[in-house]
Amino acid sequence: QELPEMVLLKFFRSENAPGPARPTPEQLSHLIKTSLHYPESFNHSFHQKSLCLVPVTLLLSNCSQAVVDVMIDLRHKPTSPEALEIHGSFTWLGQTQYKLQLKSQEVYSLQLKACFVHTGVYNLGTPRVFAKLADQVTLFETSQQNSMPALIIINSI
């Protein structure tokens, strides 16, 4: 029985072949998808207790195939007079900055508490989320696309 003839394969790479493409700023601003989960309205007796605390969940989803460094900043406040007129001011309780790392396609749930001192309609969509690819050496993270306003109604009972 005769063995089939062996052929030697040669692999070569063109010297001017493009390396891995760098993501565009537009792509970098869509690494992390965020969503806030909270009650649409919340009833509280301000006569019995002056501070109204509402649990809020910030869900962070890594939309990429890469490991991503994420920074969340809760200190951002809307500064335009219109924003303050329509949606009064409130405070996030506890830690104001978070740094974490999300694996490819990982979803992370961050438990927050919003504190209100009177009734009204408020926009909870104030957390700012920044992200960068973990393997990239950059001095700053790219701001992630902010979702729609997240309105909550605080009622007095």
- [ ] Just do the ring pair (Phe, Tyr, Trp, His ring centres under 6.0 Å) check on H118 and F116 with the steps written out, would you?
- [x] CA-CA 6 Å; H118 46 74; F116 306 90; 9.1 Å; no

Open item on the list: Run I154 and Y122 through side-chain contact (heavy atoms from CB on, under 4.5 Å) and show every step you take.
Closed with: CA-CA 8 Å; I154 302 297; Y122 299 87; 3.7 Å; yes

Task: Residue pair S45 / I157: nearest heavy atoms and the distance that separates them - done: N-CG1, 3.6 Å

TODO: Could you grab the distance from atom OH of Y108 to atom CD of Q101, nearest 0.5 Å is fine?
DONE: 12.5 Å

- [ ] List the steps, then state whether side-chain contact (heavy atoms from CB on, under 4.5 Å) holds for L60 with V129.
- [x] CA-CA 9 Å; L60 302 153; V129 178; 4.2 Å; yes

Open item on the list: Same cluster or not: L100 versus V56, using hydrophobic residues (I, L, V, M, F, W, Y) connected whenever any side-chain heavy atoms lie under 4.5 Å apart?
Closed with: yes

Open item on the list: Ring centroids only, cut at 6.0 angstrom: are H44 and F46 within range, meaning strictly under it?
Closed with: yes

Task: Nearest-0.5 Å distance, CZ of residue F42 to CD1 of residue I153 - done: 13.5 Å

- [ ] Give, for atom CG of L58 and atom OG of S35, the distance between the pair rounded to the nearest 0.5 Å.
- [x] 7.5 Å

Open item on the list: Any heavy-atom pair between the side chains of L124 and F90 that's under 4.5 Å?
Closed with: yes

Open item on the list: Please determine whether the number of non-hydrogen atoms from other residues, nucleotides or ligands lying under 6.0 Å from atom CD of Q95 exceeds 12.
Closed with: yes

Open item on the list: If you compare all heavy atoms of A150 against all heavy atoms of G125, which two are closest, and at what distance to 0.1 Å?
Closed with: CB-N, 3.8 Å

- [ ] Could you tell me the separation between the OG1 atom of T34 and the CZ atom of R128, rounded to the nearest 0.5 Å?
- [x] 13.0 Å

Open item on the list: Using modelled atom types and a 3.5 Å cut-off, is there a donor and acceptor pairing between side-chain atoms of N62 and backbone atoms of K103?
Closed with: yes

Open item on the list: For a 4.5 angstrom cut-off between non-hydrogen side-chain atoms, does W92 reach T126?
Closed with: yes

TODO: Flag the pair D69 and K132 as a salt bridge only when some basic side-chain nitrogen lies within less than 4.0 angstrom of an acidic carboxylate oxygen.
DONE: yes

Task: Side chain to side chain, D135 and V67, heavy atoms closer than 4.5 Å - done: no

TODO: Kindly say whether C63 contributes a backbone atom to a donor-acceptor pair with the side chain of S61 at under 3.5 angstrom?
DONE: no

- [ ] Working to the nearest 0.5 Å, report the span between SG of C115 and CG of L93.
- [x] 4.5 Å

Task: Heavy-atom donor-acceptor pair, Q111 side chain to P55 backbone, under 3.5 Å - done: no

Task: L74 vs L112, side-chain contact (heavy atoms from CB on, under 4.5 Å): CA-CA, chis, key distance, verdict - done: CA-CA 10 Å; L74 301 177; L112 305 172; 3.8 Å; yes

Open item on the list: Test side-chain contact (heavy atoms from CB on, under 4.5 Å) on L59 and L110; report intermediate values, then the result.
Closed with: CA-CA 6 Å; L59 215 56; L110 189 60; over 6 Å; no

Open item on the list: So V121 and I152, do their side chains get closer than 4.5 Å, heavy atoms only?
Closed with: no

Open item on the list: Quick check for you: to the nearest 0.5 Å, what is the distance between N155 atom CG and C52 atom SG?
Closed with: 9.5 Å

